[in-house]
Amino acid sequence: MGDSDTVGSVVTRRRRATLAAGRGASLQPMNGRSAAVCQSSVTADISANNGLEKKRDRSLETVRSKSKTEKKKRRGDISERLSCHKTQESLLSSASGYNNYRGILNWCVVMLVLNNARLFLENLLRYGVLVDPIQVISLFLHDPYSWPAACLLIVSNVFILVALYTERQLSKGSFSEPVGFLVHCINMAIMLTFPAAVVLLVPSVTPVGGAFVLGIYTILFLKLYSYKDVNMWCRELSSVKAKKLARSLSCPSAQHFNGGDRKVCYPGNLTIRDMYYFVFAPTLCYELNFPRSPKIRTSFLLRRLFEMLFFIQLLVGLTQQWMIPIIQSSMKPLEDMDLSRMTERLLRLAVPNHLLWLIFFYWFFHSSMNFTAELLRFGDRQFYKDWWNSETVTYFWQNWNIPVHKWCLRHFYKPLLRRGFSKIVSQSAVFFLSAFFHEYLVSVPLRMFRLWAFMGMMAQLPLAWFVGRFLRGNYGNAAVWMSLIIGQPFAVLMYVHDYYVLHYRQEAD
């Protein structure tokens, strides 16, 4: 209170001095200049007085707020001492709404790393170092002077050029639509049967080399099928409304492209350059004008190249050091049909098999496809979605391999719906087609037909129905992970066992 009294007395004295000065000025005669000076000094005094009053008010408010805060703090301390409980749920209860389990996730990762490190050390102590990079060459070549797989890759250019020639003749009207369709069917049928026949009949083709070549031919088959369909759609639209096609459909608007890339209109797309860009592009669905990135990012390209080289070496090393010994030790229980030992070997194989599958997924769908896309300035980089969050089997198959899913949706599923088939029949047909190609890529290189891959894919239909009907949320996600972790090594063991019995047992006998 002493400070406030002092401020008040100062203000009072200043007011009295101001009033006295004003009276004296009014009694004395003055000219215009002195009157103005006096008036300005009075105005300055009044503004100073107002500032002092505001300062006093602020200081009083500060003192009051401090006193109120101290009183509340004292009351809070007293209430805390009197009561320390309130109604609340435990964090691990679902009713608590708590969802931050980052520490537990980190703990799981640490435990997983430690457990796998123990397994790896146990493997080294039992088998020694089995990694042999030179041995990988023998997986592709039996004879250094005979390269049938490489010859098949060169021959694949014939089928590409036949498809391009057929489309050029169709665009000029030299081929009718039925004739062009027949030529395309023959070309693509030979694409699937010719390499399969070479792999089956030429002994120098190894299983790994055969699987690689058949995978390339399967990709080309799907690409050329899309190429045929899109050009056929362009001809159909151009016959109805050529101007509208040129403005909107075959030449998309400029915002879809960057850097002033040239837009192509049908039939200007029927060139060797356009065809081979599509052949090497990381997509199975053809377009006249693909989205393009502005430039090639050198640092991004080098990172993906380093990942490709590192992970392919890791895949080979883990396969030789971890997978092969477990598979070799599993032959005896499979021959004796020892169910308990077979189950133990299956579970032992599940961990390395699943780890290799995850590494392969990252190597192929992220590193390799992004490397190719960056090199070709291909703009659409969505090669996969969040399949790891799949709560249904259907969601997993729709999101783990986007290029194949787009192709099936665009060229197989929707055409079946347009022809009047139901969704169930169309979905079953898509799984049947996928099962055929899975069996084609496994049985033909191994030169035996056991239909394990085919049945595994067709078993996804009832599994998808069961998970979608009875399981939801985390339970559905766990079911999807279990099917991936257990299903794949089971198929691997079946094929390896049959291959061993078919080849090595016969040689021993």
With sequence neighbours excluded, what pairs up with Phe175 under the ring-ring contact (aromatic ring centres under 6.0 Å, His included) test?
none
Rounded to the nearest 0.5 Å, the CH2 atom of Trp363 sits from the CZ atom of Arg304 at a distance of 14.5 Å
Pairs touching residues 161-174 that satisfy side-chain hydrogen bond (donor to acceptor under 3.5 Å, both in side chains), sequence neighbours left out
Glu167-His184, Glu167-Arg235, Gln169-Ser174
Side chains of Ile160 and Val279 in contact at under 4.5 Å (non-hydrogen atoms):
yes
Would Trp387 and Phe361 count as a close aromatic pair, with their ring centres under 6.0 Å?
yes
Tell me if a side-chain donor or acceptor on Asn187 pairs with a main-chain N or O of Phe159 at a distance below 3.5 Å.
yes
Go through the structure and list residues passing side chain to side chain contact (heavy atoms under 4.5 Å, CB included) with Asn116, not counting sequence neighbours.
Leu112, Leu119, Trp322, Val351
Crowding at CZ, Phe300 (>12 non-hydrogen neighbours, <6.0 Å):
yes
For the pair Glu439 (side chain) and Ala453 (backbone), establish whether a donor and an acceptor sit closer than 3.5 Å, ignoring hydrogens and angles.
yes
So do the side chains of Ile402 and Lys406 get within less than 4.5 Å of each other, counting heavy atoms only?
yes
With side chains defined as the heavy atoms from C-beta onward, is the minimum distance between Ile359 and Leu318 less than 4.5 Å?
yes
Can you check whether Gln460 reaches Ser434 side chain to side chain, under 4.5 Å on heavy atoms?
no
Taking C-beta and beyond as the side chain, do Leu356 and Phe360 meet within less than 4.5 Å on heavy atoms?
no
Ser390 versus Val480, closest heavy-atom pair with distance:
O-CG2, 3.9 Å
Result block: side-chain N/O donor-acceptor pairs under 3.5 angstrom for residues 410-424, not counting sequence neighbours:
| from | atom 1 | to | atom 2 | distance (Å) |
| --- | --- | --- | --- | --- |
| Arg410 | NH1 | Tyr286 | O | 2.9 |
| Arg410 | NH2 | Tyr286 | O | 3.0 |
| His411 | ND1 | Asp229 | OD2 | 3.1 |
| His411 | NE2 | Ser226 | OG | 2.9 |
| Arg419 | NH1 | Pro415 | O | 3.3 |
| Ser422 | OG | Val425 | N | 3.4 |

Looking at Phe365, I want to see if its CZ is surrounded by more than 12 non-hydrogen atoms of other residues, nucleotides or ligands under 6.0 Å.
yes
Between CG on residue Leu224 and CD1 on residue Ile219, distance to nearest 0.5 Å:
12.0 Å
Give, for atom CD of Gln488 and atom CG of Asn353, the distance between the pair rounded to the nearest 0.5 Å.
5.5 Å
Can a side-chain donor-acceptor contact be found between Asn231 and Asn269 if the only test is distance below 3.5 angstrom?
yes
Distance, nearest 0.5 Å, that separates CZ of Arg377 from CG of Leu375:
11.5 Å
Step by step, work out the salt bridge (Lys or Arg N to Asp or Glu O under 4.0 Å) result for Arg303 and Glu307.
CA-CA 6 Å; Arg303 285 199 302 271; Glu307 290 175 354; over 6 Å; no
Which residue in the set Phe432, Tyr440, Phe436 passes ring pair (Phe, Tyr, Trp, His ring centres under 6.0 Å) when paired with Phe454?
Phe432
When rounded to the nearest 0.5 angstrom, what is the spacing between CG in Leu346 and CG in Leu349?
7.0 Å
Which atom pair, heavy atoms only, marks the closest approach of Ala464 to Thr394?
CB-OG1, 3.9 Å
What distance do Leu164 atom CG and Asp274 atom CG have between them, rounded to the nearest 0.5 Å?
8.5 Å
For Ile272, does the CD1 atom sit with more than 12 other heavy atoms under 6.0 Å from it, leaving out its own atoms?
no
Taking CZ in Phe490 as the centre, count heavy atoms belonging to other residues, nucleotides or ligands within less than 6.0 Å. Is the count above 12?
no
Under the side-chain hydrogen bond (donor to acceptor under 3.5 Å, both in side chains) test, residues paired with Arg381 that sit two or more places apart:
Glu374
pair Tyr495-Ser443: side-chain heavy atoms closer than 4.5 Å:
yes
With heavy-atom distances below 4.5 Å as the criterion, would you say the side chains of Met232 and Phe181 are in contact?
no
Donor-acceptor contact present, side-chain His405 to main-chain Asn401, <3.5 Å:
no
Would one find more than 12 heavy atoms of other residues, nucleotides or ligands at under 6.0 Å from atom OH of Tyr276?
yes
Phe383 vs Asn370, side-chain contact (heavy atoms from CB on, under 4.5 Å): CA-CA, chis, key distance, verdict:
CA-CA 9 Å; Phe383 306 122; Asn370 269 292; 4.0 Å; yes
CA sep, side-chain torsions, deciding dist, call: Ser428, Leu461, side-chain contact (heavy atoms from CB on, under 4.5 Å):
CA-CA 7 Å; Ser428 302; Leu461 284 172; 4.1 Å; yes
Trp397 side chain near Gln427 side chain, heavy-atom distance below 4.5 Å:
no
Counting only N and O atoms by type, is there a donor-acceptor contact under 3.5 Å from the side chain of Lys263 to the main-chain atoms of Asn289?
no
Neighbour count above 12 (heavy atom, 6.0 Å) for Met455 CE
yes
For Leu288 versus Cys265, what's the shortest heavy-atom pair and its separation?
CD2-C, 4.0 Å
My understanding is that only residues two or more places apart in sequence, or in another chain, count here; which of them pass side chain to side chain contact (heavy atoms under 4.5 Å, CB included) with Phe378?
Tyr277, Ala281, Pro282, Thr283, Phe290, Ala373, Asp380
Which donor-acceptor pairs under 3.5 Å do the side chains of residues 308-317 make with protein atoms, sequence neighbours left out?
none

Here the side-chain hydrogen bond (donor to acceptor under 3.5 Å, both in side chains) pairs for residues 207-220, sequence neighbours left out, are none
Test ring-ring contact (aromatic ring centres under 6.0 Å, His included) applied to Phe449 - qualifying residues, sequence neighbours left out:
none
Which is it for Leu237 and Tyr266 under the side-chain contact (heavy atoms from CB on, under 4.5 Å) test, yes or no, and what are the steps along the way?
CA-CA 10 Å; Leu237 291 171; Tyr266 183 84; over 6 Å; no
By ring-ring contact (aromatic ring centres under 6.0 Å, His included), which residues pair with Trp465, not counting sequence neighbours?
Phe470
Criterion side-chain contact (heavy atoms from CB on, under 4.5 Å) on Phe437 and Leu433, from CA distance to verdict:
CA-CA 6 Å; Phe437 279 113; Leu433 181 68; 3.6 Å; yes
Is the ring pair Phe221/Tyr225 parallel, tilted or perpendicular, if the boundaries are 30 and 60 degrees?
tilted
Shortest non-hydrogen contact from Thr206 to Gly209?
OG1-N, 3.1 Å
Under the rule for side chain to side chain contact (heavy atoms under 4.5 Å, CB included), what residues qualify as partners of Asn477, not counting sequence neighbours?
Trp481
Partner set under side chain to side chain contact (heavy atoms under 4.5 Å, CB included) for Asn474, not counting sequence neighbours:
none
